Amino acid sequence: MDYQLEIASLISDLTSIPIDRLQFLIKEPTKGVDTDYSINWFALKSHIKKDGNQIADELEQNLQKITGKHHFIHTVSRVGPYINFKLNDHHVFQELRNQIDTQFNKFVHSGFPDLKKLTVVIEYPAQNTNKPLHLGHVRNMILGQTLASLHIFAGNSVHQVNLMNDKGVHICKSMLAYKRWGKGTTPEKRNMKSDHFVGKYYVTYGKHELKLREEVANEIKQLDEEKKKPLKEQDSEKIHRLDIVIQQSKYGKLIQNLNDLLLKWENGDPDVRKIWNKMNSWAKNGFEETYKVFDIQHEKVYLESDIYDKGREIVLDGVQKEHFIQLEDGAIIARFNKKGLPKEKVLLRRDGTTLYITQDLYLANQKLKDYNFDESIYVIGNEQDMQLRILFELLAILGFTGNNVHYSYGMINLKSGKMKSREGTVVDADNVVHDIKALSLEEVKNRYKDLSESEMSYRARVIAMAALRFFILKYEYSRDFVFDLEESISFEGETGVYLLYVYARICSIFTKGLEQGIPVPYSPNEDKMNDWTHESIPEEISTPEHNLLILLSKYPITLSTTCTTLKPHILCRYLLELAQSFNNFYHECPILKEEGTLRDFRLSICELVRKVMKHGLQIIKIDVITEM
RNA sequence: GGAUCCGUUGCCCAGCCAGGAUAAGGCACCGGACUUCUAAUCCGGUGAUCGCAGGUUCGAAUCCUGCCGGAUCCGCCA
């Protein structure tokens with residue numbers, strides 16, 4: 001039961017203030033105030049033309065009449081400008097108790113409004129095939145995957161797809177370096193993960209280019225400055241001279257080689273295609289290994305090399321329909337007249353070749369054809385906000401049906417600054433997983449000396465992935481954050497490990513209970529629900545118990561909010577609060593040492609927390625373990 | 001220069017959409033709790049001009065305006 005909504009409903013009946021307005025006015029109290037929900041009657045004044053005090057008096061009196069021993073509101077009281085509501089523990093517990101057996105699925109969905117089920121396409125992480133995945137991709141993958149999970153939970157039909165950027169100048173850079181310095185070696189011969197092998201050559205190229213560029217840095221700078229001047233003031237002779245110097249430098253020749261390679265690829269040169277195929281398959285095989293670690297599965301992968309040239313017809317058709325404009329030199333552009341958008345955007349080059357945006361137009365249509373979606377989500381970093389705005393605007397101009405959403409997440413920066421893959425200053429996805437696993441294995445070994453190797457590494461793996469996933473998801477997705485392996489991946493405090501620990505603790509209580517012949521709701525070893533029909537509740541409920549009950553009752557609405565806002569951090573914050581609240585309860589309230597109703601009541605609370613914790617973690621794709 | 005986002009304690013981070021009680025957590029630091037259901041834990045403490053200045057309001061971290069500081073974007077690149 002959503003008590004916040006119920007209270008809003010009660011007040012709505014008494015005041016005829018619309019309930020959808022009232023539910024935002026019912027607040028959870030700040031720390032230290034002994035109440036469960038409250039409303040400030042000042043906030044009601046703008047809705048009823050009465051004296052505030054009078055409103056509060058009437059409300060309080062009327063509410064007093066209906067609340068009481070059997071009502072879900074136990075007490076109503078006035079403190080200053082607030083009307084406070086304390087819920088009835090018995091009522092809350094009885095409501096929750098139903099889910100211990102068979103109603104759990106109904107319970108977790110009970111916060112959802114009855115909406116039409118949607119078909120949703122989620123595209124991520126759209127990486128390039130020139131280098132291995134890095135921490136930015138990790139955030140992308142984990143967010144994309146979690147979005148899918150949230151939509152599936154909400155009952156929507158989800159299609160997870162990827163766009164593999166497997167052609168273009170970036171992969172040519174790796175190819176060029178490999179051709180020049182690779183000497184035909186392979187990842188196997190070098191004993192390297194194959195995508196790292198490809199990435200090595202990308203970095204080699206980047207460093208080489210940077211070195212050569214320095215030789216003509218001065219000329220490039222001068223050229224840039226000259227070109228920045230208004231057209232009339234430009235010294236065309238100087239520009240020409242600088243151009244020649246740059247072109248004839250080693251740097252210029254390298255760039256020329258790169259462009260030649262790209263052109264050869266476009267023309268289908270067999271030798272170039274052969275090496276391209278080889279390097280791409282190395283890259284893709286490497287990605288597959290990493291995907292396995294993160295359990296990433298795509299229903300379909302669109303390849304840029306397949307579709308880069310498509311979308312031309314859409315653009316030409318757009319010209320026919322006078323949406324776009326063909327310039328004298330042959331280029332096709334779109335003009336915008338909207339704040340925040342550029343004046344114009346080129347859609348086809350003057351030589352008729354396509355651009356990335358051309359392909360985007362095609363892919364948006366193709367996804368609609370393939371899935372007839374209601375919503376298409378692009379999980380892409382916020383540095384591409386403008387590109388996506390332009391794309392969506394173009395689609396709108398073309399009368400595109402279907403809702404496009406840019407899930408714009410923030411960048412991960414390092415203490416040392418921004419991650420730059422061409423300079424090799426990135427946190428590699430595989431390495432970061434490896435490091436966290438090593439860290440958690442050490443912790444497991446410290447605690448258990450006599451576990452089997454496989455059990456130890458299993459636990460270490462679950463713990464490590466929990467730590468990493470939760471670390472990414474606990475931040476509001478749109479915000480940038482700074483990553484530092486030492487400080488960021490901790491197993492203490494607000495971490496995934498903290499949540500796992502609560503789960504393991506509860507399991508441990510149940511295991512101990514079973515050993516002592518005490519009936520418990522759940523058997524961790526067999527992963528089995530027991531016959532558990534406990535219904536009674538002690539006369540006196542302690543504060544930790546009360547807090548847990550209230551918190552548990554908020555789970556459905558938390559899930560619903562998380563799903564409708566697509567903000568996983570809301571669920572993460574809830575689970576942390578639940579874990580804190582449980583740990584407080586754990587230390588304050590003995591369980592197995594008690595007897596009768598009190599023991600059973602507390603065991604029931606444990607089971608509720610266990611179930612909600614497991615469910616919540618499942619939603620964010622974190623596995624649990626029963627012992628740690 | 002223009003556009004978008006951001007600025008909350010020594011550090012990290014929630015709250016802002018929908019204004020209301022003493023600004024919530026975590027890290028670090030200080031003190032306390034393991035012969036008692038797992039101390040990867042708990043309890044207590046120190047620590048905040050919510051970037052600055054105005055405005056609206058009975059009331060502003062939250063809304064509005066201006067300023068300062070930071071990030072990103074503004075390619076016939078991807």
Side-chain angles (χ1 to χ4, degrees), chain A residues 20-21 23-25 27-33 35 38-43 45 52 79-82 84 126 128 165 167-171 304 308 327 329-333 339-343 345-351 353-357 359 381-387 389-390 408 410-411 413 418 440 443-444 446-447 463 467 474-476 478-482 484 487-488 490-495 497-498 500-502 504-513 516 518 565 569-570 572-573 576-577 579-580 583-594 602 606 627-628:
Chain A
D20 52 353
R21 173 64 193 154
Q23 60 176 318
F24 297 123
L25 299 176
K27 304 283 183 181
E28 295 171 17
T30 47
K31 196 194 173 192
V33 181
T35 185
S38 66
I39 188 162
N40 185 315
W41 55 255
F42 267 113
K45 258 172 68 172
V79 180
Y82 294 94
N84 290 337
N128 296 342
N165 293 302
K167 70 143 290 228
V169 72
H170 53 83
I171 181 71
E304 188 185 359
Y308 79 98
L327 298 178
D329 66 2
I332 293 173
I333 65 163
K339 200 186 165 194
L341 286 176
K343 290 265 179 290
K345 172 76 185 172
V346 177
L347 306 176
L348 270 179
R349 291 193 185 93
R350 68 171 74 98
D351 63 5
T353 54
T354 55
L355 290 130
Y356 202 81
I357 189 84
Q359 157 188 295
N382 63 15
E383 57 193 353
Q384 296 203 48
D385 282 358
M386 177 68 88
Q387 289 310 314
R389 279 193 66 179
I390 291 172
S408 171
M411 300 291 100
N413 296 315
K418 207 174 145 61
S440 50
E443 295 286 332
V444 173
N446 280 343
R447 288 171 175 75
I463 290 167
K474 75 176 176 184
Y475 295 101
E476 208 274 340
S478 67
R479 288 177 60 125
D480 294 359
F481 69 84
V482 176
D484 179 78
E487 291 174 18
S488 298
S490 156
F491 295 156
E492 288 168 18
E494 294 176 331
T495 64
V497 180
Y498 182 73
L500 292 191
Y501 192 62
V502 162
R505 269 189 155 167
I506 294 170
C507 288
S508 176
I509 292 166
F510 291 159
T511 305
K512 280 273 155 57
Q516 295 168 25
I518 296 168
T565 58
H569 84 281
I570 294 174
C572 291
R573 290 279 143 201
L576 281 174
E577 210 183 324
Q580 281 170 340
N583 277 327
N584 174 249
F585 160 80
Y586 178 87
H587 281 273
E588 299 271 325
C589 306
I591 298 161
L592 296 175
K593 286 198 195 82
E594 300 292 346
R602 287 180 177 170
C606 287
E627 230 183 302
M628 64 185 280

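Lettering of chains follows the sequences in order, A, B, ..., and the numbering in each one begins at 1. As the structure is a prediction and not an experimental result, all values here were calculated from the model. Every heavy atom of this structure was used, including side-chain atoms; hydrogens, water molecules and symmetry mates were not.
Rounded to whole Å, the C1' atom of B:A28 lies 46 Å from the corresponding atom of B:G75. For the P atoms, the distance linking B:A48 with B:C67 amounts to 31 Å, nearest Å. Using atom P as the reference point in both B:A60 and B:A14, the two lie 25 Å apart (nearest Å). Between B:C16 and B:A24, the distance separating the two P atoms is 15 Å to the nearest Å. Nucleotides B:C34 and B:C17, compared at atom P, are 46 Å apart to the nearest Å. With both ends at atom C1', the span from B:U57 to B:G1 equals 37 Å, rounded to whole Å. Comparing the same atom, P, in B:G15 and in B:G25 gives a spacing of 15 Å after rounding to whole Å. Between the C1' atoms of B:G7 and B:A53, the separation comes to 16 Å (whole Å).
Using a 4.0 Å heavy-atom cutoff across all strands shown, A:Lys474 reaches no nucleic acid atom at all. Using a 4.0 Å heavy-atom distance criterion, A:Gly340 is classed as a sugar-phosphate-only contact. No contact: A:Asn446 has no heavy atom under 4.0 Å from any strand.
Formation of a donor-acceptor pair under 3.5 Å by the A:Asp480 side chain with backbone atoms of A:Met411 is found in this model. The backbone N or O of A:Met628 sits nowhere less than 3.5 Å from a side-chain atom of A:Arg447 that would complete a donor-acceptor pair. For the pair A:Thr511 (side chain) and A:Cys507 (backbone), a donor-acceptor distance under 3.5 Å is present.
When side chains are defined from C-beta on, A:Pro342 counts as touching A:Met386, because their heavy atoms get closer than 4.5 Å. Residues A:Arg505 and A:Cys606 have side chains not in contact (no heavy-atom distance under 4.5 Å, counting atoms from C-beta outward).
For the OP1/OP2 pair of B:C43 and a distance below 4.0 Å, the side-chain nitrogens and oxygens of A:Asn584 include at least one atom meeting the criterion. Between A:Lys27 and B:G19, a side-chain N or O to OP1/OP2 separation shorter than 4.0 Å is absent.
Computed from coordinates, the A:Ile570 CD1 to B:A18 C1' distance equals 14 Å when rounded to whole Å. Between the C1' atom of B:A3 and the NZ atom of A:Lys343 lies a distance of 11 Å, rounded to the nearest Å. Between A:Glu494 atom CD and B:C11 atom P the separation is 17 Å, expressed in whole Å. The distance between atom CD of A:Glu476 and atom C1' of B:C17, rounded to the nearest whole Å, is 12 Å. B:U22 atom C1' lies 10 Å from atom NZ of A:Lys31, rounded to whole Å. Computed from coordinates, the A:Glu28 CD to B:G25 P distance equals 14 Å when rounded to whole Å. Atom-to-atom, CZ of A:Arg573 to P of B:G25 comes out at 12 Å; the value is rounded to the nearest Å.
For the residue pair A:Arg602 and A:Cys589, the shortest heavy atom distance occurs at CZ-CB, 3.4 Å. Residues A:Ala579 and A:Val502 come closest through the heavy atom pair CB-CG2, 3.6 Å. Residues A:Ser408 and A:Gly381 approach most closely at OG-C, 4.3 Å, considering heavy atoms. Annotation for A:Ile509 and A:Ile591: closest pair CD1-CD1, 3.7 Å, computed over non-hydrogen atoms. Contact between A:Thr495 and A:Ser490 at its shortest, heavy atoms only, is CG2-O, 3.0 Å. The minimum heavy-atom distance linking A:His569 with A:Glu476 is given by the pair CE1-CG, 3.3 Å.
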How would you summarise protein contacts on nucleotides 28-40 of chain B per nucleotide, using B for base, S for sugar-phosphate only and - for none, with heavy-atom distances below 4.0 Å? --------BBBSB
Nucleotide-resolved protein contact map, nucleotides 71-78 of chain B, B/S/- at heavy-atom distance under 4.0 Å: SSS--BSB
Before giving the answer on side chain to side chain donor-acceptor pair (under 3.5 Å), spell out for A:Tyr501 and A:Asn583 the whole-Å C-alpha distance, their side-chain angles and the decisive distance to 0.1 Å. CA-CA 10 Å; A:Tyr501 192 62; A:Asn583 277 327; over 6 Å; no
Verify salt bridge (Lys or Arg N to Asp or Glu O under 4.0 Å) between A:Glu577 and A:Arg573, making sure each step is shown before the conclusion. CA-CA 6 Å; A:Glu577 210 183 324; A:Arg573 290 279 143 201; over 6 Å; no
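On a pure distance criterion of 3.5 Å, a polar donor-acceptor pair joins the side chain of A:Ser38 and the base of B:A21.
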Tabulate protein N/O versus nucleotide N/O from nucleotides 55-65 of chain B, keeping only pairs under 3.5 Å, one per line.
none

With the criterion being N/O to N/O and under 3.5 Å, what pairs connect the protein with nucleotides 68-70 of chain B, and how long is each?
none

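Taking the nucleotide of RNA chain B with the nearest heavy atom to each of A:Asn40 and A:Ala579, the more 5' of the two is matched to A:Asn40.
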Output the pairing pattern of RNA chain B as a dot-bracket string, 5' first, Watson-Crick or G-U wobble with both distances under 3.5 Å, | for cross-strand pairs, [ ] for crossing pairs. (((((((..(((.......[....))).(((((.......))))).....(((((..]....))))))))))))....
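The structure places CG of A:Leu348 at 11.0 Å from CG of A:Leu327, a figure rounded to the nearest 0.5 Å. Rounded to the nearest 0.5 Å, atoms CD1 (A:Ile390) and CD1 (A:Ile357) are 6.0 Å apart. Once rounded to the nearest 0.5 Å, the distance linking CD1 of A:Ile332 with CZ of A:Arg349 reads 13.0 Å.
In summary, the side chains of A:Asn165 and A:Tyr356 do present a donor paired with an acceptor at a separation below 3.5 Å, with no hydrogens or angles considered.
With sequence neighbours left out, A:Arg389 forms a side-chain hydrogen bond (donor to acceptor under 3.5 Å, both in side chains) with no residue at all.
Residue A:Phe481 has its side chain nearest to B:C13 when only B:G15, B:C13, B:G26 are considered.
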